[in-house]
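Notes to accompany the following structure.
This is a predicted model, so every value here is computed, not measured. Computed over heavy atoms, backbone and side chain alike; hydrogens, waters and symmetry mates excluded.
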Amino acid sequence: MIRVLLVDDQPLVRSGFRALLDLEDDIEVVAEAADGRQGLALAREHLPDVALVDIQMPVVDGIEATRLIAADPALAGVHVVILTNYGLDEHVFNALRAGAAGFLVKDIVPEDFLHAVRVAARGDALLAPSITRRLINRYIAQPPRPGAGTGLKELTNREREAVALVARGLSNDEIADRMVISALTAKTHINRAMTKLHARDRAQLVVLAYESGLVVPHDS
């Protein structure tokens with residue numbers, strides 16, 4: 001059973017998502033919050049698999065709530081998915097840097113929404129290749145951030161290669177094909193890289209890869 005926490009200041013939005021999720025046999029909405037502070041408290045109480053978090057909320061906004069959840073070791077199993085009305089607005093990359101596993105636009109069709117919840121619960125990032133390219137073009141096309149690549153020296157050459165391919169938006173199967181290895185081995189490389197880089201998920205690997213200069217925008 002996938003346990004979901006809804007964090008949005010609009011009751012109608014929460015009700016709509018809950019109605020959709022409650023129809024699924026493998027998904028359970030365990031709590032709802034109207035702001036980021038409530039969301040953090042309920043995350044600690046219920047330990048959901050997925051927290052669907054709006055960006056713009058009173059008291060504590062979605063980005064700060066994401067940062068607080070990501071910083072709490074007790075909440076390491078909580079995968080934050082940011083909800084936004086605006087697609088790739090100026091806040092999305094900040095949310096990914098804060099620790100979000102990905103993001104959804106609120107006008108998403110129900111089938112894609114349910115699929116996204118299940119993807120997030122597995123620990124996979126909600127970053128399709130097209131989304132990754134747009135993030136690169138709008139937010140990451142800048143000089144490497146000083147000190148961002150410190151942890152890269154801990155990676156093996158194959159792990160670095162796998163991280164670079166994750167940053168280009170490739171799936172495990174595509175990475176396996178590119179590296180001529182099995183999908184399981186590709187996943188192992190990626191998981192080991194996340195451990196060494198202290199990245200919660202693939203979304204943070206994308207951020208680290210570009211901030212460190214391991215991958216540059218024109219490579220993608």
Side-chain angles (χ1 to χ4, degrees), residues 2-8 30-31 33 35-57 59-84 86-105 116-128 131-132 134-136 138-140 142 144-145 147-152 154-155 163 166-167 169 190-212 214-215:
I2 298 171
R3 295 160 53 80
V4 176
L5 167 65
L6 298 175
V7 187
D8 194 300
V30 295
D35 61 62
R37 181 181 295 170
Q38 288 182 347
L40 178 62
L42 290 172
R44 288 170 172 160
E45 178 181 351
H46 294 279
L47 298 178
D49 301 299
V50 178
L52 299 173
V53 180
D54 187 28
I55 285 184
Q56 296 180 329
M57 294 184 294
V59 187
V60 173
D61 66 24
I63 294 175
E64 181 61 18
T66 299
R67 185 177 294 110
L68 292 170
I69 290 172
D72 188 338
L75 300 179
V78 179
H79 304 290
V80 177
V81 176
I82 291 292
L83 301 171
T84 174
Y86 309 109
L88 281 172
D89 64 24
E90 64 185 19
H91 302 296
V92 167
F93 183 64
N94 290 332
L96 293 175
R97 181 184 281 126
F103 68 93
L104 297 174
V105 181
V117 170
R118 294 183 173 102
V119 167
R122 293 199 305 265
D124 293 333
L126 300 174
L127 291 175
I131 297 298
T132 301
R134 290 164 66 191
L135 281 170
I136 293 164
R138 291 188 58 179
Y139 299 106
I140 315 176
Q142 54 189 310
R145 185 167 58 87
T150 304
L152 293 178
E154 303 295 329
L155 304 184
V163 170
V166 168
I190 293 164
N191 287 343
R192 287 176 177 168
M194 285 195 292
T195 298
K196 291 178 180 179
L197 297 173
H198 306 289
R200 286 171 60 92
D201 50 42
R202 295 168 75 99
Q204 285 203 306
L205 281 185
V206 173
V207 173
L208 289 168
Y210 283 94
E211 287 191 331
S212 67
L214 176 62
V215 177

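Every salt bridge (Lys or Arg N to Asp or Glu O under 4.0 Å) that Arg118 has, sequence neighbours left out, goes to Glu24, Asp26. With sequence neighbours excluded, the residues forming a side-chain hydrogen bond (donor to acceptor under 3.5 Å, both in side chains) with Arg67 are Glu64, listed by chain and number. Qualifying side-chain hydrogen bond (donor to acceptor under 3.5 Å, both in side chains) partners for Asn191, counting only residues two or more places apart in sequence or in other chains: none.
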Determine whether Leu52 and Val4 satisfy the following criterion, side chain to side chain contact (heavy atoms under 4.5 Å, CB included), listing intermediate values before the conclusion.
CA-CA 7 Å; Leu52 299 173; Val4 176; 3.9 Å; yes
Pair Leu155, Leu152 - check side chain to side chain contact (heavy atoms under 4.5 Å, CB included), show working.
CA-CA 5 Å; Leu155 304 184; Leu152 293 178; 3.8 Å; yes
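Contact record, Ala33 with Leu42: CB-CD1, 3.8 Å, taken as the closest heavy-atom pair. Across every non-hydrogen atom of Val166 and Val206, the tightest pair is O-CG2, 3.8 Å. Of all non-hydrogen atoms in Leu5 and Pro48, the two that sit nearest each other are CB-CG, 3.7 Å. The shortest non-hydrogen separation linking Val163 to Ala193 is CG2-CB, 3.4 Å. In terms of heavy atoms, Ala98 sits closest to Ala70 at O-CB, 3.4 Å. The minimum heavy-atom distance linking Leu208 with Ala199 is given by the pair CD1-CB, 4.1 Å.
Arg44 pairs with exactly one of Leu75, Val78, Leu68 by the side chain to side chain contact (heavy atoms under 4.5 Å, CB included) rule, that one being Leu75.
Contact annotation: the side chain of Met194 approaches that of Leu205 to within less than 4.5 Å [non-hydrogen atoms, C-beta and beyond]. Between Val60 and Leu40, the closest side-chain pair of non-hydrogen atoms is not below 4.5 Å.
Counting heavy-atom neighbours within 6.0 Å of Arg37 CZ, excluding the residue itself, gives a total of 12 or less.
Atom CG of Asp54 is separated from atom CD1 of Ile82 by 8.0 Å, given to the nearest 0.5 angstrom. For the atom pair CG of Leu197 and CG of Leu214, the computed distance is 9.5 Å after rounding to the nearest 0.5 Å. Here the CD1-CG distance, from Ile55 to Leu83, works out to 8.5 Å after rounding to the nearest 0.5 Å.
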